[in-house]
Amino acid sequence: MLGLAGVGQAAGQVEAVGDPAGEVNPFIGTTNGGNVFPGVSMPFGMVAFSPEELPLLGRRSAVAAPGGYEWRANSVRGFSLTHVSGTGCAGASGDIPIMPITTPVTMSPASVAAGTDYASILDHAKESASPGRYGVALGNGVKVELGATDRTAIGQFAFPAGQQANLLFRTSDSEVGSTASTITIDPATRTVTGSVTSGNFCGYLAPDRRESYYTLHFVAVFDQPFEIGGTWRDEMVSPGAAQGSGGTSYGSDGHPPIGKGSGGWIRFDAKRSPVVTMRVGISYINAAGARANLNRESPAGTTLPAVQAAARAAWNRRLGQIAIEGGAQDERAVFYTALYHALLTPNLYSDVDGRYRGFDGRVHRLSPGQGAQYANYSGWDVYRSQLQLVTLLDPKRGADIAQSLLNQADQNGGVWDRWTHLTGATSVMNGDPSPASLAAIHAFGGRSFDVKRAYASLKRAATVPTALDLSRKGCPVLCVGQRPGLDQWLQLHYMPIGAPGWGSAADTLELAAADFGLSELARAAGDGNGARQFRARSGWWRNLFNPKATPNGGYIQPRNADGSWPTFDPAAEDEFVEGSGAQYLWMVPFDAGGLISALGGPERASQRLDAFFRKPDGSWAVTKSGPLHAEMDNEPSIASPWLYLFTGEPWKTQETVREAMRRIWTNAPAGISGNDDLGQMSSWYVWAALGLYPLYPGLADLVIGSPSFPAMTIDRPGARIVIRAKGAGPAAPYVQSLAVNGRQSNQTWLPARFVQRGGTLDFTLAAMPNRHWGTTAPPSFAPN
């Protein structure tokens, strides 16, 4: 599609979508904090070839946004080979920006004086993107077309006549900087090779965590002859040099300082070769691995159109696993773009020969039965619904992700890190998301990983405090322990103020969810005693519930180690993470019945939920309405609308979820109002549009909302789920009736066997609520 235009069916036309990739708008979420990228990547691909823009005026960063791209920016400094979709902090990866220019290189591109001399204006009217293809006509006259296979990139550069044709390799300029890089230019073989050593994800937040933890190697081969241009390092230019090296460092504040960095450039004869095609292989092992990946996936003679067509076909296969009918063009675009974003990560990490470099720095081979090693796991985010969606559609991939996490922990001294970036245990965020993640993968059918060994490792991490758990290194945001303050959790049965970690009250809720997930993993591993033990521990959230926290009612409140309650303001974020006490009150998805009882029963809990989602005048408050209200574009709030199912008011779930979808998700660059968090928030939208949600950490039971489209079919190996919704539409979110496999149902949930076996759901929807349907609430799992 060109810019935002796209071509779609007329609103309301009901027919199956035959080309779901054609509905995707990769520019959704490229402004206002979504932090996604519009460039090319295969589903879960290692390569993500996309523009790197210069930051907006006044922004303290080396790049425009963590995804490398900001719709409001208008200056491109290169096209990088790797990206991570939807991250926060200052970004991640963005390795080896490659930039075509039409001017001579007279000063170092790293030089402060160079400014924007080697960048180019980007005009959205001359830019297009769709799954598997990106193209732009730059302001300097160069036309750029990009494509990708799993482990390789392909780029075509059409240089304007009468001007120089140079290509810069900014080898050191990863998004958050680097500590080393190399480049070697070999015109005899038409090859440029090199590497960059980087890491530093969120490193600027903790002076003791500014570190490199991966090296990416690349091999770029050209179809046209070129000459050596030269290399640069910091302020120095070396014309004619074929080799160069040097990193940017992470500076004194965790950001790459200006005036630092290295790279090189090559020159083409635009009269003889105005159109140049570049094929690039990458590897995190060595240059030989990058070349082997290139030879396997993009051998000599590979064409850009063929690569783009293959990627489009791959995306249609993946997106087509959820076939929808009907809906307006904007609705279909938002749905399939959300599904697209949800299937970008985790990223393929092993080479074509099955080898990969581990967290211990050594080269490993895939475990028995493992199809691929994956990297980039934002556990705090994706344990909630993204891994469930990935595994629902592809159980084998889910199992490979679970095995990948076990492999990482084995290589990381037994520590299951919360947020892993390539071979880096970054420790970002809080809690212990791995137990719920693995339990969810297992529950949704991802079984071909070593469940018993994974469980044994996670059980040990949950019961035996380590030196890292007692350490405050990296705290509060990047605490190095898997369960910081575990000794106090085991002693007090809650996380007290002052314990290592990030927000003691939030830590308590996250660890309760982790232990609930671990109880389910224990059950899968055959440890009945462990299942009972961790189920009991999941109830420790109750030790922070203070029924007298405020005159208006109880809250989950921070607590001192001596058991006393400090002054509490539910609008404050003190001792919480990315949210207020009011927003965290509802984050007990596995024991909603227990929470409602603690709040004084369904009627009182319903009133509290109403005040959470609406302002005093009755208008909606699902986002950007202050700390006493929901923030549905961030994880702590996203399960809360489903709690109406436990107060006997499913119609309120239906209208609240639909309102959040309408307000937060649109077919526009600002159409994801918060970080997409490696597809987590997009996965929430997909589940919500299906009218289903995986509420319970580690279970495949689904709670029920209302579908957005008249018909949807989910194809997964061995099972098919067909969802039909008579009367579906933007103004009709309310369920009037539901038949499950042809039998009328009054339940607002589906047991796990429905996911495992498949089946049919026949909804009838209308514009007015039916307050008599859905009187059978979902199960709530109180501690044993």
Side-chain angles (χ1 to χ4, degrees), residues 205-206 380 418 427-433 462 465 469-472 474-479 481-516 537-592 594-600 605 608 611-612 626-631 634-637 639-640 643 783:
L205 296 175
W380 184 87
R418 290 177 290 279
S427 311
V428 172
M429 303 309 296
N430 70 316
D432 183 12
D469 293 330
L470 305 180
S471 171
R472 294 182 183 271
C475 290
V477 183
L478 301 91
C479 296
Q482 180 173 334
R483 292 196 173 208
L486 175 60
D487 59 326
Q488 298 183 58
W489 174 251
L490 297 176
Q491 178 185 352
L492 300 174
H493 298 183
Y494 63 90
M495 199 62 73
I497 295 171
W502 180 16
S504 61
D507 289 349
T508 295
L509 293 178
E510 291 289 356
L511 290 179
D515 283 344
F516 183 85
R537 283 172 46 163
S538 74
W540 290 356
W541 66 268
R542 297 165 184 251
N543 295 323
L544 287 194
F545 185 83
N546 182 1
K548 299 179 180 179
T550 71
N552 295 322
Y555 279 92
I556 291 168
Q557 178 185 342
R559 194 172 190 178
N560 294 314
D562 64 5
S564 62
W565 302 100
T567 302
F568 174 65
D569 177 3
E573 292 193 11
D574 297 341
E575 301 300 322
F576 293 95
V577 174
E578 295 189 3
S580 65
Q583 290 161 350
Y584 267 86
L585 170 62
W586 308 103
M587 212 185 80
V588 192
F590 51 89
D591 191 10
L595 176 62
I596 288 168
S597 177
L599 291 170
R608 297 280 296 271
F612 186 57
L628 291 176
H629 297 290
E631 191 51 83
N634 201 20
E635 282 79 5
S637 290
S640 51
L643 269 61

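Keep in mind that this is a model prediction, so the values were computed, not measured.
Residue Arg559 holds its CZ atom at 7.5 Å from CG of Asn546, rounded to the nearest 0.5 Å. To the nearest 0.5 angstrom, Leu595 atom CG is 6.0 Å from Ile556 atom CD1. The CG atom of Leu585 sits 11.5 Å away from the CG atom of Leu628 when rounded to the nearest 0.5 Å. Here CZ of Arg608 is found 7.5 Å from CG of Asn552. Values are rounded to the nearest 0.5 Å. We find the CD1-CG distance between Ile497 and Asp574 to be 9.0 Å, quoted to the nearest 0.5 Å. Taking CG of Asp432 as the reference point, atom CD of Gln482 lies at 4.5 Å (rounded to 0.5 Å).
Of the possible polar contacts, none joining the Ser637 side chain to the Asn634 backbone as a donor-acceptor pair under 3.5 Å is found. The main-chain N or O of Val577 is found under 3.5 Å from a side-chain atom of Tyr584 such that the two form a donor-acceptor pair. The backbone N or O of His493 sits less than 3.5 Å from a side-chain atom of Asn543, completing a donor-acceptor pair.
Applying the salt bridge (charged side-chain N to carboxylate O under 4.0 Å, His left out) test to Arg418 and every residue at least two apart in sequence or in another chain returns nothing.
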Compile the donor-acceptor pairs under 3.5 Å between side chains in residues 502-509 and protein atoms, sequence neighbours left out, one pair per line.
residue: Ser504; atom: OG; partner: Glu575; partner atom: OE1; Å: 2.7
residue: Asp507; atom: OD1; partner: Asn430; partner atom: ND2; Å: 2.8
residue: Asp507; atom: OD2; partner: Trp502; partner atom: N; Å: 3.2
residue: Thr508; atom: OG1; partner: Met495; partner atom: N; Å: 2.9
residue: Thr508; atom: OG1; partner: Ser504; partner atom: O; Å: 3.0

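Among all heavy-atom pairs drawn from Ser580 and Pro627, the shortest one is OG-O, 2.5 Å. The two residues Ala639 and Pro589 have their closest heavy-atom pair at CB-CB, 4.5 Å. Residues Gly594 and Arg542 come closest through the heavy atom pair CA-NH2, 3.7 Å. Counting all heavy atoms, side chain and backbone alike, Ala582 lies closest to Phe612 at O-CE1, 3.6 Å. Taking each heavy atom of Glu510 and Trp380 in turn, the nearest pair found is OE2-NE1, 3.1 Å. Of all the heavy atoms in Ala592 and Leu643, the pair that sits closest is CB-CG, 4.0 Å.
You'll find the side chain of Pro484 stays beyond 4.5 Å of the side chain of Arg472, heavy atoms only. Using a 4.5 Å cut-off on side-chain heavy atoms (C-beta onward), Met587 and Trp541 make no contact. Side-chain atoms of Glu578 and Met429, non-hydrogen and from C-beta on, do get closer than 4.5 Å to each other. You'll find the side chain of Gln488 stays beyond 4.5 Å of the side chain of Asp469, heavy atoms only.
There is a side-chain donor-acceptor pair under 3.5 Å between Ser564 and Asp562.
When each of Phe516, Trp489, Tyr494, Phe545 is paired with Trp540, the ring-ring contact (aromatic ring centres under 6.0 Å, His included) condition holds for Trp489 and for no other.
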